[in-house]
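Before any comments, here is the structure.
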Amino acid sequence: MQTAEPTGRFLIRRAGASDADELARFAARTFSEAFGAENTPEDLALYLARAYGPAQQGAELRDPAWTTLLAEEGTTLAGYAQIRTGPAPSCVTGQAPIELFRFYVDSPWQGQGLARRLMAAVDEEAISRGARTLWLGVWERNARGQAFYRKCGFVDVGEKSFLVGTDHQRDRVMARALNSSDAAPPQRSQR
Ligand SMILES: CC(C)(COP(=O)(O)OP(=O)(O)OC[C@H]1O[C@@H](n2cnc3c(N)ncnc32)[C@H](O)[C@@H]1OP(=O)(O)O)[C@@H](O)C(=O)NCCC(=O)NCCS
């Protein structure tokens, strides 16, 4: 994706350094809304302090191993995705893996088809970086996330741990092959 690309009423574009503050606020809020109720306030606070903030997101946005995509409706941020190169767990056996590290759609836009559009943009970006396999970790208790990823063709290939504050949680690891035909899958759930 070389330039901002209109996809229906949404615009999906690569984030730049100037997006760090808004991304940090959005990412912390959407994480809290998705998972806050199922974690203790102490663990949540520890995790938020470590994972989100203008400095942290600024560093991610400057890191060439990462790409962050923002989905906007007008001037409103509606979702974001981050992919990054790095080591994959041994259960990910596909060639040239890249990690889908964060993938969030704000609640007003959930169930609206934005997530599929954002995933298609992730595929396009990952393929342009030379990746052949997209993998991710999703909390074993995140049934909606797993259902969405299965709809996108991911299969469960194993597990890994993920630390939220002091809580060692178990993530399912899911993966699928990337190719140009996967980048625009049939939009069964577009509504
Ligand atoms: C995960 C996420 C991106 C998916 O986007 P979405 O717009 O909600 O996705 P969709 O509505 O297209 O698909 C979700 C599927 O889960 C199903 N679902 C909804 N609630 C569910 C639940 N509690 N348990 C199981 N499945 C559920 C939906 O019915 C839908 O399947 P269907 O289209 O066959 O009916 C979005 O929900 C989100 O951002 N959630 C919070 C953050 C998050 O969990 N991110 C992933 C972290 S790894």
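In listed order, ligands and their atoms are each counted from 1. Just so you know, these numbers come straight off a predicted model, no measurement behind them. Heavy-atom basis, side chains included; hydrogens, waters and symmetry copies ignored. All residue numbers in this chain count up from 1 along the given sequence.
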May I ask you to list the atoms of ligand 1 that are less than 4.0 angstrom from any heavy atom of Gly137? 48 (S)
Sorted by chain and number, sequence neighbours left out, salt bridge (charged side-chain N to carboxylate O under 4.0 Å, His left out) with Glu38 holds for Arg141
Applying a heavy-atom cut-off of 4.0 Å, say which part of Phe31 lies close to ligand 1: side chain, backbone, both or neither. neither
Which atoms of ligand 1 are found less than 4.0 Å from any heavy atom of Gly145? 1 (C)
Between Arg172 and Glu140, does at least one N-O distance fall below 4.0 Å, as a salt bridge requires? no
Which word best sums up how the rings of Tyr149 and Phe154 line up, parallel for under 30°, tilted for 30 to 60°, or perpendicular for over 60°? perpendicular
Which of the atoms of ligand 1 are close to Asn142, meaning less than 4.0 Å from one of its heavy atoms? 43 (C), 44 (O), 46 (C), 47 (C)
Counting heavy atoms only, which part of Ala143 comes closer than 4.0 Å to ligand 1: side chain, backbone, both or neither? both
Between Trp109 and Glu73: side-chain donor-acceptor atoms closer than 3.5 Å: yes
Do Arg29 and Glu33 sit within salt-bridge range, that is, some charged N less than 4.0 Å from a carboxylate O? yes
Please say whether Val138 places an N or O atom under 3.5 Å from an N or O atom belonging to ligand 1. no
In ligand 1, which numbered atoms sit nearer than 4.0 Å to a non-hydrogen atom of Tyr104? 39 (O), 42 (C)
Side chains of residues 17-26: which donor-acceptor pairs under 3.5 Å do they make with residues two or more places apart or in other chains?
{"from": "Asp19", "atom 1": "OD1", "to": "Arg13", "atom 2": "NH2", "distance (Å)": "2.9"}
{"from": "Asp19", "atom 1": "OD2", "to": "Arg13", "atom 2": "NH1", "distance (Å)": "3.0"}
{"from": "Asp19", "atom 1": "OD2", "to": "Gly16", "atom 2": "N", "distance (Å)": "2.7"}

Atoms in ligand 1 with a heavy atom of Gly111 nearer than 4.0 Å: 6 (P), 7 (O), 8 (O), 11 (O)
Select the closest option to atom 41 (C) of ligand 1 among Gly79, Ala147, Ala34, judged by heavy-atom distance. Ala34
Determine yes or no for a side-chain-to-main-chain donor-acceptor pair under 3.5 angstrom, with Gln57 supplying the side chain and Gly53 the backbone. yes
For Ala115, the ligand 1 atoms with a heavy-atom partner under 4.0 Å come out as 5 (O), 7 (O)
By number and element, which atoms of ligand 1 are closer than 4.0 Å to a non-hydrogen atom of Phe35? 44 (O)
Counting only heavy atoms closer than 4.0 Å, does ligand 1 sit against the backbone of Gln146, its side chain, both, or neither? neither
So which bit of Tyr149 gets within less than 4.0 Å of ligand 1, heavy atoms only: side chain, backbone, both or neither? side chain
Please determine if Glu60 and Arg102 form a salt bridge, counting it only when a charged side-chain N lies under 4.0 Å from a carboxylate O. yes
Against Phe162, only a single residue in Trp139, Phe101, Tyr47 fulfils ring-ring contact (aromatic ring centres under 6.0 Å, His included); can you say which? Tyr47
Nearest heavy atom to atom 22 (C) of ligand 1 wins, so pick from Arg144, Gln112, Glu33. Arg144
